[in-house]
Amino acid sequence: METTRPRKFHRSPIRRAMCCLAIAGVLGCGDDPNGVNPGPPPTISGVEPSTGTVGTDIRVTGTNFRGGAEGSVGPFSATQVDVASSTEAFVRVPPGVAVGQTYDVTFTNVDGTEINFPQAFTVVAPTLSFVNGATKPSGNAGSTAIIEGAAFGDVQGSGRVLFSDGAGGTVPAVIAGPDDWTDGIILAAVPAGAATGPVLVETATGQSESLPFTLTQNAAFSPSAIAWTETEALPEALGGHTATAVPIDDAGGSTVQRVYVIGGSGSDSIPVAGVRYSEIQADGSLGTWTEGTALAGGVAHHATVVATPFNSKVQGSGYLYLFGGIESKGGQPVRTIRRVSLDQDGATGAPEAVGELPAPLHSTGAVIFRSTIYLAGGATTDDAAVAEVYRATVDTLGNIGEWESLPALTEPRAYHRLVGFGGFLYAVGGDTGEVDPNDGNFQQNQTKLSSVALGRLDLRSGLLPDGWADGGAMGKARTKHIAVAAGGSLFVSSGLYSAAGSGSSENSFAPINPDGSLGSFGGATGSNTIQSVLGINLFNAGGVAYVDGSGVAHVMILGGDDVSAPGAKSGRVLFY
């Protein structure tokens with residue numbers, strides 16, 4: 001249970017007397033050792049948490065608590081006692097307590113009246129549950145690692161977060177300030193010198209079990225010199241589908257990456273039910289495509305996220321989630337949420353409906369961060385763009401909780417891309433108008449957007465306390481494009497924009513700064529453009545970012561509509 005803590009204070013004799021008068025209503029001070037007349041004795045009705053470590057603040061509830069109080073845990077005097085009110089106080093666990101031992105908790109008012117709550121608190125070693133909301137986390141040196149668990153202590157004290165140094169030793173993480181260490185969440189910076197290996201938490205009463213942490217690099221990625229390479233084509237030409245890169249640990253414990261393509265529509269604009277997947281090879285290309293279990297019905301222009309142990313609390317290999325979309329040619333959007341289970345070998349289970357969105361939506365943006373799914377914008381009934389933003393959490397069994405409204409985007413937008421990078425969300429481009437999802441008219445530019453909306457998440461609560469800010473502009477209004485975070489940059493490609501007679505074969509990118517802001521967008525046309533390889537320009541394509549076995553970041557574009565031939569689709573796949 002989270003409780004707002006009072007400000008810390010020092011207990012001087014004058015303050016003790018004042019607190020006695022103010023809180024207990026004592027009218028005068030006698031000749032007792034504390035200089036005050038005793039008031040009503042305190043009572044204790046509850047103590048929480050029941051377990052913890054040195055530095056844990058035990059919340060004591062009861063009656064007749066008075067300022068200037070003291071306390072103890074067993075025979076050890078508390079290092080600090082904070083009285084929030086006459087019914088609530090916090091007793092900080094002192095050094096000296098031993099792991100595995102259970103102690104009485106005693107609260108003593110300044111006037112000498114006291115109460116003892118027997119066998120109330122057991123000292124334990126810390127428990128590490130998740131890092132960055134996952135059980136198989138990863139991150140760059142210097143990036144923020146969000147450590148979740150229990151019994152860390154409400155003050156750091158001698159506590160440390162330890163990463164592997166790659167040689168059998170450990171490297172302590174940097175904890176910036178006292179507010180970054182709490183009993184259940186620690187914000188730590190992945191230290192220089194860290195390597196792939198175990199990460200754990202150490203306190204005065206022991207060490208936690210470790211989690212495997214993968215140190216990643218901002219892999220070599222130069223989007224200013226694009227060279228697209230064609231790889232295994234989709235089984236059929238598609239537009240309005242979704243593509244997702246998914247890491248899964250196979251039966252031997254090795255991590256395998258696959259790309260999943262779901263739904264979409266062919267040249268007849270009728271949504272299909274196909275679920276296909278292909279394994280990413282060591283050089284970043286694709287292997288042959290495998291047919292997964294088809295959906296119960298076709299869907300296009302939906303949003304998809306994946307929850308696995310690499311990005312969430314989900315157990316097993318994880319799930320694909322599909323949000324909304326259009327289920328028939330020319331149909332209205334739906335509220336349906338579908339879930340598809342994943343096996344170690346990549347196979348998909350039978351799709352199932354697992355709830356509804358707060359509103360019918362197609363062409364919305366969706367990302368997952370720390371087991372929380374964020375949805376932003378999209379088009380609702382009659383293709384009307386919306387600005388609403390929602391979030392919902394995913395539990396260890398893959399169930400989605402209730403949807404909660406967050407601050408809306410600064411303007412309605414659909415056909416944009418929502419990109420997550422650490423604790424930042426980016427709504428990139430899109431369209432504010434009532435536009436048909438299959439419309440490829442690049443000349444209707446009045447409602448296209450070049451802006452990027454930036455949302456900074458509170459890393460503890462997952463909320464957007466400051467709403468959305470101006471994250472810059474791409475230079476050209478762009479819609480029905482792809483946008484991904486890759487190699488430390490926000491990379492944008494394909495889509496519709498205002499160039500005379502063409503779709504957006506140009507690629508552009510902006511570096512992501514440590515505070516989440518974007519540098520200036522630069523062109524990244526290169527000599528090997530999409531048009532030069534395919535002979536067409538694309539919109540409504542699928543796009544993913546991933547890292548190959550050599551640590552090189554890649555972007556892949558799959559399928560899509562032909563700008564110059566309305567209704568024509570492509571099944572070809574390019575990667576860089």
Side-chain angles (χ1 to χ4, degrees), residues 129-140 143-149 184-190 211 213-214 216 242 244-247 303-315 318-323 337 357 364-378 388-396 398-407 409 416-428 452-469 471 483-486 488 490 512-518 544-547:
S129 301
F130 307 101
V131 178
N132 294 337
T135 55
K136 296 179 179 179
S138 61
N140 292 358
S143 66
T144 299
I146 306 167
I147 313 295
E148 296 179 79
I185 295 180
I186 303 168
L187 302 184
V190 179
L211 290 177
F213 184 87
T214 300
T216 58
T242 54
T244 307
V246 182
T304 298
V305 299
V306 62
T308 74
F310 293 87
N311 66 4
S312 72
K313 301 175 181 178
V314 164
Q315 299 173 348
Y319 299 91
L320 293 163
Y321 297 89
L322 285 64
F323 302 101
I337 302 173
L357 297 172
T364 186
V367 298
I368 185 169
F369 176 66
R370 288 187 62 216
S371 293
T372 300
I373 295 169
Y374 296 87
L375 293 178
E388 279 71 23
V389 178
Y390 307 98
R391 75 163 187 170
T393 57
V394 179
D395 67 16
T396 57
N399 300 311
I400 298 178
E402 296 294 322
W403 291 98
E404 176 185 4
S405 292
L406 295 179
L409 298 169
H416 58 298
R417 288 294 179 264
L418 187 66
V419 179
F421 184 80
F424 309 108
L425 302 178
Y426 304 89
V428 184
V452 178
L454 167 60
R456 291 182 171 89
L457 296 170
D458 182 294
L459 295 180
R460 289 190 178 88
S461 67
L463 299 175
L464 287 166
D466 300 320
W468 295 84
V484 296
L490 180 64
I512 300 174
N513 298 319
D515 65 354
S517 63
L518 299 176
V544 298
Y546 57 99
V547 177

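Heavy atoms only: backbone and side chains are in, while hydrogens, waters and symmetry mates are out.
- Remark: Thr242 pairs with Ile262, His302, Thr304 by the side chain to side chain contact (heavy atoms under 4.5 Å, CB included) rule, at least two apart or across chains.
- Between Lys313 and Ser371, the closest heavy-atom pair is N-OG, 2.7 Å.
- With sequence neighbours excluded, the residues that form a side chain to side chain contact (heavy atoms under 4.5 Å, CB included) with Thr308 are Val246, Val306, Phe310, Asn311.
- Across every non-hydrogen atom of Thr135 and Leu211, the tightest pair is O-CD2, 3.8 Å.
- With hydrogens and angles ignored, the 3.5 Å screen pairs a side-chain donor or acceptor of Asp458 with a backbone N or O of Ser461.
- Between Tyr319 and Tyr321, the ring planes are tilted. Angles from 30° to 60° get that label.
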Test Leu375 against Phe323 for side-chain contact (heavy atoms from CB on, under 4.5 Å), laying out the working first.
-> CA-CA 9 Å; Leu375 293 178; Phe323 302 101; 4.2 Å; yes
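- Under the rule for a side chain to side chain contact (heavy atoms under 4.5 Å, CB included), the partners of Ser129 that lie at least two apart in sequence or sit in another chain are Thr127.
- For the pair Tyr374 and Leu406, the minimum side-chain heavy-atom distance is below 4.5 Å.
- In terms of modelled atom types and a separation under 3.5 Å, the side chain of Asn513 and the main chain of Gly516 share no donor-acceptor contact.
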Steps toward side-chain contact (heavy atoms from CB on, under 4.5 Å) verdict (Val394, Ile373) = CA-CA 7 Å; Val394 179; Ile373 295 169; 3.5 Å; yes
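- By the 4.5 Å heavy-atom criterion applied to side chains, Val428 and Leu490 are counted as neighbours.
- The shortest heavy-atom contact between Ala392 and Glu402 is CB-O, 3.6 Å.
- Under a 3.5 Å cut-off, the side chain of Tyr426 and the backbone N or O of Gly455 do not form any donor-acceptor pair.
- Side-chain contact between Leu425 and Val367: present, with at least one pair of heavy atoms (C-beta onward) separated by less than 4.5 Å.
- Between Leu518 and Val452 the shortest side-chain heavy-atom distance falls below 4.5 Å.
- Separation of atoms OG1 (Thr372) and CD1 (Ile400) is listed at 11.0 Å; rounding is to 0.5 Å.
- Counting all heavy atoms, side chain and backbone alike, Asn132 lies closest to Ser138 at ND2-O, 3.5 Å.
- No side-chain donor-acceptor contact under 3.5 Å links Trp403 to the backbone of Leu357.
- Looking only at side-chain heavy atoms (C-beta outward), Val389 and Leu409 come within less than 4.5 Å of each other.
- Side-chain N or O atoms of His416 include none that pairs as donor or acceptor with a backbone N or O of Thr364 at under 3.5 Å.
- Between Ser312 and Ile368, the closest heavy-atom pair is CB-CD1, 4.3 Å.
- For Ala485 against Gly420, the heavy-atom pair with the smallest separation is CB-O, 4.3 Å.
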Could you check Thr216 against Val547 for side-chain contact (heavy atoms from CB on, under 4.5 Å), going step by step and ending with a plain yes or no?
-> CA-CA 10 Å; Thr216 58; Val547 177; over 6 Å; no
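- To the nearest 0.5 angstrom, Arg456 atom CZ is 8.0 Å from Asp466 atom CG.
- Side chains of Ile337 and Leu322 form no contact here, defined as non-hydrogen atoms less than 4.5 Å apart.
- With a 4.5 Å cut-off on side-chain heavy atoms, Thr144 and Leu459 count as touching.
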Could you walk me through whether Leu457 and Leu463 pass the side-chain contact (heavy atoms from CB on, under 4.5 Å) check?
-> CA-CA 6 Å; Leu457 296 170; Leu463 299 175; over 6 Å; no
